[in-house]
Amino acid sequence: MPVPLRDSAVPKHEQLRAILLQKCTRELQPGDLMTSERNLMQDYGVSRITVREAIGQLVNEGYLVRVRGKGTFVAHRQMQSRLHLASFSEEMRAQGHEPTTLVLAAERAPAPEPTLRALGLPGGSSAFHVRRLRLADGDPVSVDDGWFHPELLPDLIEHDLTGSLYQLTAQRYGRVIERAEQTVDAQAADPGVAELLDIRKGAPVLHFDRISFSGDHAVEHTESWYRSDRYRLQMEVGRRS
């Protein structure tokens, strides 16, 4: 049962923050509703200013999220990329998440102009098109829309596409993905992406445009849209010599 906070060398908002942090990380699950401000005031004998300061710190730190008109909820733990060359499955498992994949489309179709240029295919060529929804612990994280070189990866879509395609290209075709050219920008989610990622239309997403190479050959051109509230980039920068 909650006990009113006492005056001490530790400010009350810091005491309350520690209590709420334990609730977030040990007692509640992502998406659970946090105790209301009014109840926190009553339970711990503190002012509204103290409650809002403690909650505000946890919101800024990514442990809680406020939803207007609904309350404050435990945030989903963010996934993180260090901008190194790894598959989604490898990244998620390395962070303790269980990755799963839903294949939305697997076909050979006329490739769009940017893909023709990226893969070095002549005008009017077709390529393998694979569209997938990637999830971590059952929650949607990204939509991947990929095009693959049909001559370098023959019969690609006849194989299991729910795992790492990088492992598949290496093990089945001997095409190890060694490097990639990638750009990242912020976009507003279109209706299709928003529905798949379970976010509102126009919500901010991270957009990746990647060309992957095996040796000197471009084998993949993929666009991906990531939930910006569940995925972040980490990088190390240094001065160019």
Side-chain angles (χ1 to χ4, degrees), residues 29-32 62 65-68 70 73-81 83 85-115 118-119 126-148 153 156-169 177 180 182-212 219-234:
Q29 297 297 316
D32 284 352
V65 59
R66 289 190 177 104
V67 179
R68 185 181 296 275
K70 295 184 178 180
F73 296 82
V74 179
H76 289 269
R77 187 154 57 101
Q78 281 194 321
M79 295 77 179
Q80 182 169 285
S81 172
L83 284 181
L85 192 58
S87 72
F88 176 87
S89 300
E90 292 171 335
E91 280 195 334
M92 293 302 103
R93 289 196 178 98
Q95 296 176 54
H97 301 288
E98 182 60 34
T100 52
T101 298
L102 178 62
V103 179
L104 306 173
E107 60 183 351
R108 183 160 184 166
E113 186 61 34
T115 294
L119 299 183
S126 63
F128 292 128
H129 177 217
V130 179
R131 186 174 175 86
R132 305 188 296 171
L133 176 64
R134 316 305 299 276
L135 305 98
D137 304 324
D139 295 320
V141 176
S142 75
V143 177
D144 295 350
D145 196 85
W147 293 84
F148 299 85
L153 304 172
L156 175 70
I157 58 176
E158 301 302 319
H159 301 288
D160 180 10
L161 304 176
T162 61
S164 168
L165 293 186
Y166 285 2
Q167 288 185 2
L168 176 61
T169 59
I177 303 300
Q182 180 168 266
T183 60
V184 184
D185 64 331
Q187 291 188 358
D190 66 30
V193 167
E195 181 177 3
L196 289 169
L197 293 182
D198 194 25
I199 56 178
R200 61 176 175 80
K201 174 186 173 184
V205 291
L206 292 172
H207 169 247
F208 294 71
D209 191 308
R210 182 178 65 253
I211 305 170
S212 301
V219 298
E220 172 201 22
H221 177 222
T222 291
E223 287 188 272
S224 301
W225 295 266
Y226 281 76
R227 285 188 58 148
S228 60
D229 61 338
R230 294 187 184 171
Y231 193 84
R232 67 179 181 179
L233 298 174
Q234 181 180 354

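Note that the structure is a prediction, hence the values are computed from the model and not measured.
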>> For a side-chain hydrogen bond (donor to acceptor under 3.5 Å, both in side chains) check, start with the C-alpha distance between Thr101 and Arg132, then their side-chain angles and the critical distance, and finish with the verdict.
In response: CA-CA 7 Å; Thr101 298; Arg132 305 188 296 171; 4.6 Å; no

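- Each of Val193, Val141, Leu196, Thr100 was evaluated against Leu133; a single residue qualifies, Leu196, per the side-chain contact (heavy atoms from CB on, under 4.5 Å) test.
- A side-chain donor-acceptor contact under 3.5 Å links Ser228 to the backbone of Pro204.
- Summarising the geometry, atom CZ belonging to Arg108 is positioned 14.0 Å from atom NE2 belonging to His129; distances are rounded to the nearest 0.5 Å.
- Atom CD of Glu107 has more than 12 neighbouring heavy atoms from other residues, nucleotides or ligands inside a 6.0 Å radius.
- Counting only heavy atoms from C-beta outward, the side chains of Phe208 and Ser142 never approach each other to under 4.5 Å.
- Annotation: side chain of Asp144 is not in contact with side chain of Val130 (no heavy-atom distance under 4.5 Å).
- In this structure, the side chains of Glu98 and Leu135 stay at 4.5 Å or more apart for every pair of heavy atoms.
- Lys70 approaches Phe73 most closely through the heavy-atom pair CB-CE1, 4.0 Å.
- Note that OG1 of Thr183 is 7.0 Å distant from NE2 of His207, once rounded to the nearest 0.5 Å.
- Annotation: the span from Thr222 atom OG1 to Gln182 atom CD amounts to 10.0 Å, rounded to 0.5 Å.
- Residues Phe148 and Ala127 come closest through the heavy atom pair O-CB, 3.4 Å.
- Here Ile211 contributes atom CD1 and Thr115 contributes atom OG1; the two are 8.5 Å apart, rounded to the nearest 0.5 Å.
- The line from CZ of Arg131 to CG of Leu102 is 11.0 Å long, rounded to the nearest 0.5 Å.
- Nearest heavy atoms, Leu161 versus Ala106: CD1-CB, 3.8 Å.
- The nearest pair of heavy atoms linking His221 to Asp209 is NE2-OD1, 3.0 Å.
- Between Leu168 and Leu156 there is a side-chain heavy-atom pair separated by less than 4.5 Å.
- Note that the CZ atom of Phe128 and the CG atom of Leu165 stand 12.5 Å from one another [nearest 0.5 Å].
- Of the residues Asp139, Val143, Leu197, the one that meets the side-chain contact (heavy atoms from CB on, under 4.5 Å) test with Arg227 is Leu197.
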